[in-house]
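To find a chain, count down the sequence lines: A is the first, B the second, and so on, and within it residues start at 1.
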Amino acid sequence: MKRRKFIQQTAASSAFIGLGGLTLSSFNSVTQKKITILHTNDVHSHIDPFGPDDGRNANKGGVARRASLVETIRKENPNTLLLDAGDIFQGTPYFNYYGGELEFKLMSMLKYDAATIGNHDFDNGIDGLYAQLPHAKFDFISANYDFSNTVLDTHVKPYKTFIKDGIKIGVFGLGIELDGLVTKELFKETIYLNPTEIAQDMSRILKEEEHCDLVICLSHLGYNYRNNEEKPSDLTLARATKDIDLIIGGHTHTFLPKPTIEKNSVGKNVLVNQVGCYGLYLGKIDFYFDSDKNKSADGTTIIV
Amino acid sequence: MNNRFFLSIIAFILLMSCKQDYHLTRIEGKRIEINDSLTGNQDIENFIKPFREHVNNDLDSVLAYAVDTYTKNDGELNTAIGNFMADAVKEMASPIFKNRTGNAIDIVMLNHGGIRSILSKGNVTSRTAYQIMPFENSVVVTGLKGTSVKEMVNYLQKSKRAHPISGISIKLNSDFELMEATVKGEAIDNDKTYYVATNDYLYNGGDNMSFFRQGDSLYKLDYKIRNLLIDYFKKVDTLDLHADDRFIKTN
């Protein structure tokens with residue numbers, strides 16, 4: 001009896017909130033929600049900014065500056081996710097001295113929400129990556145690396161979902177083929193699975209089973225391979241899948257001045273973005289959701 | 001009680017019918033440059049500082065002195081910097097290999113492209129080693145038959161480049177044809193096993209040095225080339241490097 005009364009009271013009070021809401025906003029008015037996705041890739045242990053004398057990237061980059069920028073954006077819109085597309089490791093002596101500890105600790109301080117695994121993240125072996133995991137307060141996601149027979153088993157999830165302001169966001173990770181890129185001794189029994197097939201699977205799960213409003217692929221496949229169109233890349237992936245809204249890429253250190261708009265397998269737009277390397281840029285994609293019922297779902301405007 | 005329950009149901013239905021459906025209507029994408037117009041977050045700065053100081057102190061402590069500036073383009077078939085690298089590998093890796101196997105390293109071969117920076121005149125530090133060898137490659141030793149060593153000579157003859165070598169002497173004529181190839185002053189014996197040190201990248205097929213894979217044995221010394229160079233810098237006071245006649249062409 002007691003429990004039943006509690007349920008009734010709960011129903012009554014939520015109804016009250018609902019009715020209260022009705023008087024404030026009528027059915028016809030439009031309310032808008034905004035989700036901001038921030039991303040980096042191939043930072044390669046670049047913690048300090050490039051010095052003033054650097055030939056190519058003078059005075060650019062730096063984790064402390066990125067932290068300030070992310071903080072400002074999060075203040076503007078708390079419904080923000082910060083993601084990294086892999087190759088966090090290798091590139092400055094910080095990695096050689098501390099094995100990635102500093103990179104992970106700083107990313108945790110910046111409140112990264114998830115990262116995928118790049119080929120260089122195996123540079124100290126799969127054991128070296130595993131050893132640094134306690135320093136990462138964010139999750140690693142990879143759907144096409146099967147880690148069952150490695151130390152990373154159960155430590156890497158295929159995907160992760162987030163709810164921000166009632167909008168459900170699904171993010172899955174993809175990694176590049178390791179054979180020929182990383183010596184087997186480093187990646188050990190990691191099994192690489194076909195990223196296109198996995199992506200088709202993942203997008204279906206996230207859209208149909210998890211009912212995500214936004215599906216994001218965090219990829220370390222590379223932007224595209226002009227001399228080898230067969231090789232899985234972000235562009236081939238975009239064309240061969242559906243229900244993915246955004247592919248955040250890495251590996252090829254491609255500096256896209258703006259996101260690429262590609263048509264997916266059912267003719268809908270997919271955004272593909274990559275911000276070069278070394279933390280020189282932060283990618284920012286804002287998704288606006290309107291409550292207006294009169295507007296059709298496929299009337300999405302893309303401004304890049 | 002009943003009334004209240006009924007009212008709750010009505011309200012609940014109303015609420016459900018009013019559940020707002022959100023559609024993706026607009027996407028805006030751009031990139032933001034991280035540059036000196038942004039002020040660094042002080043907490044992050046403070047956190048990095050001790051790590052940076054430790055790394056810099058360690059990297060910048062002086063280990064040796066270079067009497068000149070050396071580059072990999074200083075010579076045609078052998079260079080001062082290349083000879084230094086190959087000789088350093090032979091000197092530093094030999095005791096480890098000898099200790100493990102009882103054998104000596106006969107020959108060292110690295111690659112010209114693997115010398116990633118110049119060696120500047122003046123103070124030599126750990127940072128110098130990071131510049132010359134930023135990669136994580138380690139020393140491996142393989143036992144090659146004389147026939148495979150001859151393939152290695154053939155590779156060097158065809159590439160016409162100053163790949164760092166040590167322990168082997170090669171003379172070409174003016175048409176780059178092989179005149180003589182010797183190890184410890186003796187002609188290469190097809191049936192003899194020579195222990196050749198290189199790095200794991202080249203052993204695994206880098207720069208198409210396929211002859212390494214013909215070896216009948218592989219020893220991984222777990223000694224990074226960079227660390228080997230740092231240890232070598234610590235061992236010597238002065239780097240006075242020279243090209244010599246280990247790989248030459250007669251005119």
Fill in the blank from the handout: Applying a strict 4.5 Å limit to non-hydrogen atoms, the region of B/R127 in contact with chain A is neither
Handout entry: B/E45 versus chain A, the contacting section by heavy-atom distance below 4.5 Å
Key = both
Measure [X] against the heavy atoms of chain B and call it side chain, backbone, both or neither at under 4.5 Å.
| X | value |
| --- | --- |
| A/L282 | both |
| A/D245 | side chain |
| A/L38 | neither |
| A/K258 | neither |
| A/L102 | side chain |
| A/I73 | side chain |
| A/V275 | side chain |

State, yes or no, whether a side-chain contact exists between [X] and [Y] at a heavy-atom distance under 4.5 Å.
| X | Y | answer |
| --- | --- | --- |
| A/Q32 | B/Y22 | no |
| A/T300 | B/L24 | yes |
| A/Y288 | B/I27 | no |
| A/P49 | B/D36 | no |
| B/H23 | A/F289 | no |
| A/F287 | B/R26 | no |

[X] side, atom [atom1]; [Y] side, atom [atom2] - distance, nearest 0.5 Å:
| X | Y | atom1 | atom2 | result |
| --- | --- | --- | --- | --- |
| A/K60 | B/E33 | NZ | CD | 4.0 Å |
| A/T40 | B/I34 | OG1 | CD1 | 9.0 Å |
| B/F47 | A/L106 | CZ | CG | 6.0 Å |

Answer yes if the side chains of [X] and [Y] hold a donor-acceptor pair under 3.5 Å, and no otherwise.
| X | Y | value |
| --- | --- | --- |
| B/Y201 | A/T183 | no |
| A/N96 | B/E136 | yes |
| A/Y97 | B/D58 | yes |

Exercise for the section: Using the side chain to side chain contact (heavy atoms under 4.5 Å, CB included) rule, take A/V304 and B/E28 through it: C-alpha gap first, then chi angles, then the decisive distance, then the call. Expected result: CA-CA 6 Å; A/V304 292; B/E28 287 181 26; over 6 Å; no
Looking only at non-hydrogen atoms, find the nearest pair between [X] and [Y] and report the distance.
| X | Y | result |
| --- | --- | --- |
| A/N273 | B/K30 | ND2-O, 4.4 Å |
| A/S68 | B/G40 | OG-C, 3.4 Å |
| A/P93 | B/L59 | CG-CD1, 3.6 Å |
| B/G29 | A/I285 | CA-CD1, 3.8 Å |

Problem - Sub-6.0 Å ring centroid separation between A/Y98 and B/F51 - result: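 Aromatic pair counts; centres sit under 6.0 Å.
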Atom [atom1] of [X] with >12 non-hydrogen neighbours under 6.0 angstrom:
| X | atom1 | result |
| --- | --- | --- |
| B/K121 | NZ | no |
| B/N46 | CG | yes |
| B/N208 | CG | no |
| A/K168 | NZ | yes |

Exercise for the section: Between chain A and each of B/I32, B/I44, B/T39, count heavy-atom pairs under 4.5 Å; write down the option with the most. Expected result: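 Sorted descending by pairs with chain A, the first entry is B/I32.
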Practice task
Identify which of B/I48, B/D200, B/D43 forms the greatest number of heavy-atom pairs closer than 4.5 Å to chain A.
Solution key: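 Heavy-atom pair counts peak at B/I48.
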Exercise for the section: Between chain B and each of A/I37, A/L256, A/I47, count heavy-atom pairs under 4.5 Å; write down the option with the most. Expected result: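 Most heavy-atom pairs under 4.5 Å with chain B: A/L256.
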Handout entry: Partner chain B: residue of A/D123, A/N57, A/L69 with the largest heavy-atom pair count (under 4.5 Å)
Key =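 Heavy-atom pair counts peak at A/L69.
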Problem - Carboxylate-amine/guanidinium contact B/K220 A/E185, below 4.0 Å - result: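 Salt bridge present between B/K220 and A/E185.
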